[in-house]
Amino acid sequence: MTTIHNLGFPRIGAKRELKFALESYWKGEISRDALRALGAQLREKHWADQQGLDLLPVGDFAFYDQVLDMSFTLGNLPERVQDFHGDVLDNYFRVARGRSAQGAEHAQCCGGVAAGEMTKWFDTNYHYIVPEFTAATQFKLDASRLLEQLAEARAQGIRAKPVIVGPVTYLSIGKAKDESNKLDLLQRLLPVYAELLELLAAHGVEWVQIDEPILVTELDADWQHAFNAAYHHLKSARLKILLATYFGQLAENKYLAANLPVAGLHIDAINGHDDVQQLLGLLPAHKVLSLGVINGRNIWKTDLGAVLDWVEPLAERLGDRLWLAPSCSLLHVPVDLGSEQKLDAEFKSWLAFALQKLDELRVLGQALRSGRAAVGSELADNARALAARRASPRVHNPAVQAAVAQITAQLGRRHSGYAERAARQAAQLQLPAYPTTTIGSFPQTAEIRRARREFKAGWLDAEAYRLAMRAEIERSVREQEALDLDVLVHGEAERNDMVEYFGEQLDGYAFSQFGWVQSYGSRCVKPPILFGDISRQNNGTKAMTVEWITYAQSLTPKPMKGMLTGPVTMLNWSFVRDDQSRSASCRQLALAIREEVLDLERAGVRVIQIDEAALREGLPLRRSQWQGYLHWAVESFRIAANGVADETQIHTHMCYSEFNDIIASIADMDADVITIETSRSDMELLDAFDSFNYPNEIGPGVYDIHSPNIPTQEHIVQLMRKAAERIPAKRLWVNPDCGLKTRQWAEVIPALQNMVKAAKQLRELE
Ligand code: GLN
Ligand code: ZN
């Protein structure tokens with residue numbers, strides 16, 4: 001009989017209960033016991049939600065992050081927190097968030113600490129706390145958390161499958177703080193894993209799930225060897241190991257994965273569908289093969305008929321050795337479609353969130369056990385919904401498809417090369433050397449947020465809201481004039497979020513009310529759902545930003561930047577279609593944004609910024625696939641940007657700290673000006689641009705907008721001098737790292753005053 005199981009469940013709660021409890025605890029509003037009790041309640045509820053599965057994950061719950069939990073289980077705490085006198089949960093939050101909240105216990109004796117570094121979990125938008133290593137790192141098992149949760153699960157009468165991060169993935173996603181080789185720690189780490197498995201076995205655990213997603217990336221010989229060493233070390237454990245991989249294809253790691261001495265292998269059968277045939281030949285005859293057939297990364301209903309067509313013969317062949325599951329932990333999807341009240345019934349019938357995905361899994365399990373007829377009506381409903389989606393005019397827009405079919409290379413090309421354009425733009429804009437600008441947003445004040453809330457609730461009518469936003473725009477223009485900035489922005493008061501704002505104005509996008517997904521700690525995002533062919537409203541004619549920007553321009557003779565979110569960022573921060581490629585959706589977005597760019601230009605806007613904050617996030621896990629992605633991503637940006645005349649200056653903005661490996665593509669985007677985040681890297685980041693001989697203009701950030709600190713004029717001058725050692729001064733701009741929406745006006749004004757003074761000082765030195 002086919003076993004059905006789950007790899008992990010979202011822990012934030014259908015109504016984000018964990019988020020609110022965490023934030024209350026950090027503010028000192030609820031007790032630690034109350035927080036712990038809520039954790040236990042959520043676990044109990046989530047196991048109840050997963051009833052009917054043969055094996056349920058235990059240990060997938062974390063108060064902040066499962067990787068940080070693993071660090072605590074392995075006794076790998078950064079040295080700076082090791083002598084903390086207080087409660088271990090508080091220490092855990094100290095690592096997660098840095099110095100504990102003001103007035104917290106032990107603030108006096110144990111002092112403040114820096115937070116652990118946070119980075120993206122593979123290609124998801126989930127961020128984990130990076131394990132820290134040095135040559136001296138020692139490990140020491142603390143299984144208390146896992147055992148406690150195991151006991152709870154047992155008390156609830158469920159078949160528990162503890163879930164842990166595997167030793168090789170744990171090392172590979174961590175960071176050596178000295179120059180040591182992380183792999184040297186493996187020999188020290190494995191006995192602790194062995195001890196943990198022994199303990200779980202002693203507690204009657206039959207199966208443990210060990211996550212090794214690093215197996216879907218390219219591994220050099222050392223890391224392949226580490227896999228063999230690790231699992232040979234662990235093979236004497238008196239329980240069965242399900243080695244779980246996900247997020248991609250095993251590809252060349254198939255042989256390695258199939259032959260590790262474990263009892264079962266889980267693979268992502270969505271992304272790794274093509275691995276299965278070969279794996280069947282490679283897997284030793286005693287091993288379980290768990291196929292992740294339900295997509296844990298999107299919100300679409302599974303085509304159950306198609307899955308059954310595929311797995312029925314496999315079930316025949318493998319018998320008990322075939323297991324089914326979602327492709328990865330359901331951490332990456334929202335909890336319950338049932339909460340949605342505003343999506344219409346037809347659209348909802350196309351979707352599945354975590355709970356609905358588990359329903360699908362139960363149907364598949366039953367179909368394999370008792371035949372399709374046993375779940376005939378469920379399968380029929382599923383087929384009907386899928387057929388309706390496939391044929392729906394809401395999804396398919398022939399005009400958009402025709403426009404995409406007509407894309408030529410010409411569409412992505414400016415009339416002239418950068419040098420020619422730069423001369424024309426200089427003549428037109430008359431900017432001083434070291435021109436100053438900002439990245440787009442100004443503080444989203446309490447008043448702005450209140451007005452938006454009241455507008456959404458219907459208390460404020462559209463006209464009153466429009467006037468309130470205009471007043472904010474006027475305020476930000478006046479402030480910028482007083483500051484004597486050179487290229488102004490309207491301040492983005494009217495935007496809730498840089499993707500949602502545009503998505504709401506595009507056909508082909510939908511928005512959930514409760515579709516929250518954990519991003520890190522208590523922070524969640526609600527990605528919009530890109531479900532259909534994309535165009536602006538009214539058959540592509542309705543401008544999205546022109547009214548706001550032209551209003552802002554009308555208030556000042558200085559150039560006003562039009563501000564747009566780019567196609568690649570729209571795509572990478574949305575749930576996207578599974579019925580066409582990402583590149584196809586991206587091209588549609590590009591055409592829609594191109595129309596907006598052209599409308600702005602027609603309205604007299606001479607500088608247009610197209611943000612591509614998330615370009616890097618779309619990079620595939622395997623380097624060998626980077627070029628393919630970068631090719632269409634850059635092409636999409638160029639289609640969006642490059643319809644304009646030479647005189648119109650195109651800016652783009654990116655907020656990350658790594659350009660070395662994608663610099664050729666960044667140059668290929670050919671934006672006249674790129675602004676980037678550099679203030680904390682002391683301009684070293686510009687080395688990548690320098691050694692590539694990056695030809696266009698650059699605005700390296702000189703104001704760290706993540707910090708309340710106000711940069712001094714001297715510091716900014718110093719940073720810009722460093723920049724000028726790498727990039728010719730005449731191609732440098734002066735600007736903050738990113739948008740200012742999370743800051744207060746009281747910080748922004750002195751910081752920008754110093755920035756403008758610094759630019760003036762630099763001009764005098766010229
Ligand atoms: N224009 C956006 C802003 O200033 C850019 C935000 C971002 O890059 N994340 O807020
Ligand atoms: Zn940014």
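If you read the sequence from its start, that first residue is 1, and numbering goes on from there. Keep in mind it's a predicted model, so treat the numbers as computed, not measured. We count ligands from 1, going down the list as the structure has it; atoms in each ligand are counted the same way.
- Panel note: side chain Thr541, backbone Asn538; a donor-acceptor pair is recorded below 3.5 Å.
- The tally of protein N/O/S atoms under 2.8 Å from the Zn ion (ligand 2) stands at 3.
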Worksheet entry | Stepwise side chain to side chain contact (heavy atoms under 4.5 Å, CB included) test for Asp123 and Arg297 | CA-CA 10 Å; Asp123 60 351; Arg297 296 289 298 277; 2.9 Å; yes
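- Atom CZ of Arg523 sits in a sparse spot, with 12 or fewer heavy atoms from other residues, nucleotides or ligands closer than 6.0 Å.
- The number of heavy atoms from other shown groups lying within 6.0 Å of NZ (Lys342) does not exceed 12.
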Quick check on ligand 1: any N or O pairs to the protein under 3.5 Å? One line per pair.
residue, atom, partner, partner atom, Å
ligand 1, 1 (N), Ile439, O, 3.1
ligand 1, 1 (N), Glu492, OE2, 2.8
ligand 1, 1 (N), Asp611, OD2, 2.7
ligand 1, 4 (O), Ile439, O, 3.4
ligand 1, 4 (O), Ser441, N, 2.9
ligand 1, 4 (O), Ser441, OG, 3.1
ligand 1, 8 (O), His653, NE2, 3.2
ligand 1, 10 (O), Ser441, OG, 2.7

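- Within a 6.0 Å radius of NZ in Lys542, other residues, nucleotides and ligands contribute 12 heavy atoms or fewer.
- Counting non-hydrogen atoms of other residues, nucleotides and ligands closer than 6.0 Å to CD of Gln744 gives a total of 12 or fewer.
- In Trp459, the CH2 atom is not crowded: 12 or fewer heavy atoms of neighbouring residues, nucleotides or ligands sit closer than 6.0 Å.
- Here the closest non-hydrogen pair linking Ala592 and Ser535 is CB-CA, 4.4 Å.
- Shown here for Asn696 and Arg421, the closest heavy-atom pair between the two residues is ND2-NH2, 4.1 Å.
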